[in-house]
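Below is one structure; the comments refer to it alone.
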Amino acid sequence: IPRTLAQNCGVSVIRTVTALRAKHGAAYEEIEKSGEEGAFPKCNWGIDGTTGELVDMEQFGIWEPFSVKIQTIKTAVESACMILRIDDIVSGSKKKGY
């Protein structure tokens, strides 16, 4: 998503994505230095879709809610089941010679 967003903003994709990864990596290094075991780094950096700059998404009020992730997983499972059902139907009809 960050790569596509950077392309749509018209900024240098490689520089922007590299800088974003560096910000995310710095958050992980900060946790490792603190020695907190099992801690999750606070890293809210992302790309502003209008300017292409790296910004703190918390200041923008942009969050990815848990409900969106759950719905995405449910939809993926339902899609996989539907594909398997269609595959069973198609392969069954070929074996019977219809």
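Along the sequence shown, the residues carry numbers beginning at 1.
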Side chain to side chain contact (heavy atoms under 4.5 Å, CB included) involving Thr75 - partner list, sequence neighbours excluded
Gln71, Ser79
So with a 6.0 Å cut-off around CD of Glu30, is the heavy-atom count from everything else above 12?
no
By side chain to side chain contact (heavy atoms under 4.5 Å, CB included), which residues pair with Glu58, not counting sequence neighbours?
Lys42, Asn44, Asp56, Trp63
How does the hydrophobic cluster around Ile62 look, that is, which other residues are in it when side-chain heavy atoms under 4.5 Å mark a link?
Val55, Met57, Phe60
Give the table of side-chain donor-acceptor pairs shorter than 3.5 Å for residues 13-22, with sequence neighbours excluded, one pair per line with atom names and distance.
residue	atom	partner	partner atom	Å
Thr16	OG1	Ser12	O	2.7
Thr18	OG1	Ile14	O	2.6

Go through the structure and list residues passing side chain to side chain contact (heavy atoms under 4.5 Å, CB included) with Ile86, not counting sequence neighbours.
Met82, Val90
When clusters are formed from ILVMFWY side-chain contacts under 4.5 Å, directly or step by step, what else is grouped with Val68?
none
Kindly write out the residues that satisfy side chain to side chain donor-acceptor pair (under 3.5 Å) with Ser67, not counting sequence neighbours, or none if the list is empty.
none
Those residues that, when tested against Ile70, pass side chain to side chain contact (heavy atoms under 4.5 Å, CB included) (two or more places apart)
Phe66, Lys74
Residues in side chain to side chain donor-acceptor pair (under 3.5 Å) contact with Thr51, at least two apart in sequence or another chain:
Asp48
When Ile, Leu, Val, Met, Phe, Trp and Tyr are grouped by side-chain heavy atoms lying under 4.5 Å apart, directly or through other members, which residues fall in the same group as Ile31?
none
